[in-house]
Amino acid sequence: MADNSNPDIVYTKVDEAPELASASLLPIIQRFAAAAGVSVGTKDISLAGRILATFPDKLKDDQRVTDDLAELGQLVKTPDANVIKLPNISASVPQLVAAVRELQGQGFDIPDYPDDPQTDEEKEVRARYDSIKGSAVNPVLREGNSDRRAAAPVKKFAQNNPHRMGDWSSDSKTRVAAMSGNDFFSNEKSTTLDKAATAKIVLETAGGETVLKDSVSYPEGTVVDATYMSAKALDAFLAEEIEKTKEEGVLFSIHMKATMMKVSDPIIFGHAVKEWLKPVFEKYGDEMKAAGVDPASGLGDLLERVKDKPEILKAIEEVRDTRPPMYMVDSDRGITNLHVPSDVIIDASMPALIRSGGKGWGPDNKEHDAVCVIPDNSYAPVYDETIKFFKANGKLDPATAGTVQNLGLMAQKAEEYGSHPTTFEIPEDGTVKMVLDDGTVLHEHKVEKGDIWRSASARKAPIEDWVNLAIERQKATGYRAIFWLDENRAHDAELISFVKPILEAKGVADKFEIMAPREATRASLETITKGENTIAITGNVLRDYLTDLFPILELATSAKMLSIVKLMNGGGLFETGAGGSAPKHVQQLQSENHLRWDSLGEFCALGESFKFLGDSKDNARARVLGETVETATQGILDHGRSPSRKVGEPDNRDSHYWFARYWAEALAAQSDDAALAEEFGPIAKALAENEDKITGELAAVQGKPADIGGYYHPDDDKLASVMRPSATLNGIMG
């Protein structure tokens, strides 16, 4: 049974497809772990769980939940932390609103999300909800830097069973479009603090001074950045690209990270919606605003709010006829690239397009070349250079390609992913200043109304830890190692001033290269094309982008990556991969009772978690469990036991049966622990002898709708019934 008070391993409760899979897999894990005296408990970091934990005062006694995210935030700062983190929703506003509505429908008396808060009470409710939006989870849990790579058996399998890649043509019209200036990249200023300081952020205007943020504290050695994106320049750029795309006869698309960059990117996304429908906003803007339209919530929300206004709908249709065709998220359902800000997430959408030979789906349900609009130039060159490389050299061959591992600076809310509390849409023309407590003006920018200003930071201890992790990884592998840092970017120049002295002091400067992201992209693609391997040592955003880009090219998915966060105080956080395709998986389960989610990421993380427990607690049995998990994972790959995409074929639940069987067989066959071998011998035998019965019971439920009691907050009993339909398997597992 799970011990949730102080378990040896914490397995996170999350959302969507990974949480559905947990209902099947977690009981198996707990049964095997118990045999070694290891407790596996759960902590709820799902969007619904976070909402309920945020409003205890609105709930009945029996509805209240503990703030598990806060508890985990404390745990990961201890040496005892051993957390398996599944992908959770980083909520956009539409997702948050949908989750609130579902919870209200289930009898939870939580307040509506205030679109335009006016009263103090509405503003307080909005502030609580805003604390849940976007990347509310990862910065809390990631008290360490990131070590992501393809597990050896996964990479070997991908080379032996190469996935399909779309063909690239040298005359492809697909391209990346980014701003030529006045963006975050070009306006960035950065400095390293020589002593601890507290800053306030103020906006000075003709009417006086407004404090945007007070009491922002930084320890000594923190790299502090400040920058802004010009709203006028953004709008001009978007207007120009819409017209150029139309002339080129290709699809228009915009690629953002409106979940992790939960303040700045939704605003930018809203500018794209507004520019796309500019004549409509010019004529009906006031009426739409009165209807609650917020362009940052996307075209889908806008259309829903004006569905009873035929003159506005007609105007939208007229404008659409003058625009280029749009990249579609779901062409069958008419869901465009601009419908929902969280539907097109750059680190999933761009690799998918690149893997498809630069093609995206259009409104005619056919594939076309596309213009990929990535407004800011900080990381757009990575995708631009990748597209140029494949146009020139043709598609990557997964059968012979080497691998790109990643070491990412992530700890303590490093860089842009920690910038939400210090990001502002400027209310009027003026000058933004960061002023230290001694009166020193650290950074200042002259800004105009509507500009997006933000500050980010990276602390000294995580930076030094990151560089030392890179040294360890390069020594362990001997791979080509590249720091993806641009000496001409303000922030990167500050990081380079940390990196070079550490490498020189350790006598390993000759083992590393430092390149700007564009050059590093080309160098890495050249390296893996030759079948060789490289380590990308990057900041936080590039960590996120690259650990989707290269795995999707190498393995067809990023969900199979080994993702280890080496917590700075000695614990371990083991992540299980990406969740970008999770919504479609849930929809298929609900309609057909088939779950195609692949739990391979969970298997990889589980093995690492057990081995870490074995080493950190001197628990030999836990190490045996970890080693045999690896054997079971190899069995899943070697025998093709991963889920199929089609109803009527083996799905996620079948893969869990095979995982349990291979794990039991590996434990029965090992000689390091006789008691474990004796216990699991009969279980392995029972699982093998009942193969036809178990797989038959799993197959029998497919093809019909499945009721799990909710999308964001499913009913535990209904979910268990759907995800554990084999009485025979359940009986063997006990």
Side-chain angles (χ1 to χ4, degrees), residues 15-16 47 50 87-99 113 115 126 129-139 178-179 183-184 229 231 234-235 237-238 252-277 293-304 326-330 335-353 372-376 378-380 383 415-425 450 452-454 456 540-542 544-545 548 578-583:
D15 314 273
E16 296 180 325
L47 175 57
R50 282 152 35 214
N88 61 282
I89 290 176
S90 294
S92 64
V93 170
Q95 288 173 307
L96 183 60
V97 169
Y113 175 82
D115 287 318
R126 173 65 178 265
Y129 275 127
D130 285 350
S131 72
I132 302 168
K133 287 189 328 195
S135 56
V137 171
N138 289 339
M179 295 170 69
D183 59 351
F184 293 128
M229 177 179 282
L234 172 62
D235 290 342
F237 161 74
L238 290 167
F252 177 87
S253 63
I254 186 166
H255 302 263
M256 306 293 300
K257 187 88 179 195
T259 49
M260 294 293 282
M261 296 305 301
K262 64 182 180 180
V263 180
S264 58
D265 280 22
I267 297 172
I268 298 170
F269 187 87
H271 277 263
V273 172
K274 202 167 182 179
E275 197 61 43
W276 186 265
L277 294 177
V293 168
D294 178 0
S297 293
L299 188 57
D301 182 79
L302 184 156
L303 290 170
E304 177 64 24
M326 200 186 299
Y327 175 106
M328 303 296 286
V329 171
D330 189 332
I335 307 298
T336 73
N337 182 210
L338 290 177
H339 259 63
V340 183
S342 56
D343 264 359
V344 182
I345 297 177
I346 184 170
D347 47 328
S349 60
M350 284 302 299
L353 180 140
C372 305
V373 173
I374 305 171
D376 181 49
S378 297
Y379 307 110
Y383 298 110
E415 302 184 317
E416 295 98 325
Y417 280 175
S419 67
H420 323 306
T422 48
T423 301
F424 308 96
E425 190 171 21
I452 309 163
W453 186 97
R454 74 181 182 209
N540 204 350
V541 176
L542 272 180
D544 202 11
Y545 289 6
D548 278 301
S581 57

Closest non-hydrogen atom pair, [X] against [Y]:
X      : Y      : answer
Ser253 : Asn337 : CA-OD1, 2.9 Å
Ile346 : Pro351 : O-CD, 3.5 Å
Ser297 : Pro94  : O-CG, 3.6 Å
Phe184 : Ile452 : CE2-O, 3.3 Å
His420 : Val263 : O-CG2, 3.8 Å
Ala272 : Ile254 : CB-CD1, 3.7 Å

So, taking the atom named [atom1] in [X] and the one named [atom2] in [Y], what distance separates them when rounded to the nearest 0.5 Å?
X      : Y      : atom1 : atom2 : result
Met256 : Ile268 : CE    : CD1   : 4.0 Å
Asp115 : Asp301 : CG    : CG    : 7.0 Å
Ser342 : Lys262 : OG    : NZ    : 14.0 Å
Ser90  : Lys133 : OG    : NZ    : 13.0 Å
Leu238 : His271 : CG    : NE2   : 8.5 Å
Asp183 : Ser378 : CG    : OG    : 6.5 Å

Full working for side chain to side chain contact (heavy atoms under 4.5 Å, CB included) between Met229 and Ile267 = CA-CA 11 Å; Met229 177 179 282; Ile267 297 172; over 6 Å; no
So, do [X] and [Y] sit near enough that their side-chain heavy atoms are less than 4.5 Å apart?
X      : Y      : answer
Leu277 : Leu302 : yes
Ile89  : Val137 : no
Phe269 : Val344 : no
Tyr383 : Ile374 : yes
Ile345 : Thr259 : yes
Arg454 : Phe424 : no

Lys257 pairs by salt bridge (Lys or Arg N to Asp or Glu O under 4.0 Å) with which of Asp376, Asp347, Asp265?
->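 Only match with Lys257 under salt bridge (Lys or Arg N to Asp or Glu O under 4.0 Å): Asp347.
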Start with the C-alpha gap between Leu338 and Trp276, add the side-chain angles, then the distance that decides, and say whether side chain to side chain contact (heavy atoms under 4.5 Å, CB included) holds.
-> CA-CA 9 Å; Leu338 290 177; Trp276 186 265; 3.8 Å; yes
Hey, can you tell me if Tyr327 and His255 have their rings parallel, tilted or perpendicular (30° and 60° cut-offs)?
-> perpendicular
Verify the distance criterion only: is there a donor paired with an acceptor across the side chains of His339 and Thr336 at less than 3.5 Å?
->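 Yes, a side-chain donor-acceptor pair sits under 3.5 Å.
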For the residue pair Glu416 and Ser419, confirm or rule out a side-chain donor-acceptor distance under 3.5 Å.
->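 No, Ser419 and Glu416 have no side-chain donor paired with an acceptor closer than 3.5 Å.
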Side chain to side chain contact (heavy atoms under 4.5 Å, CB included) between Val541 and Glu415: does it pass, once the steps are laid out?
-> CA-CA 8 Å; Val541 176; Glu415 302 184 317; 5.7 Å; no
Residue Lys274 excluded, over 12 heavy atoms near NZ under 6.0 Å |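 Not more than 12 within 6.0 Å, no.
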In sequence, state the C-alpha distance, the side-chain angles, and the governing distance for Met261 and Tyr417, and then conclude on side chain to side chain contact (heavy atoms under 4.5 Å, CB included).
-> CA-CA 6 Å; Met261 296 305 301; Tyr417 280 175; 3.5 Å; yes
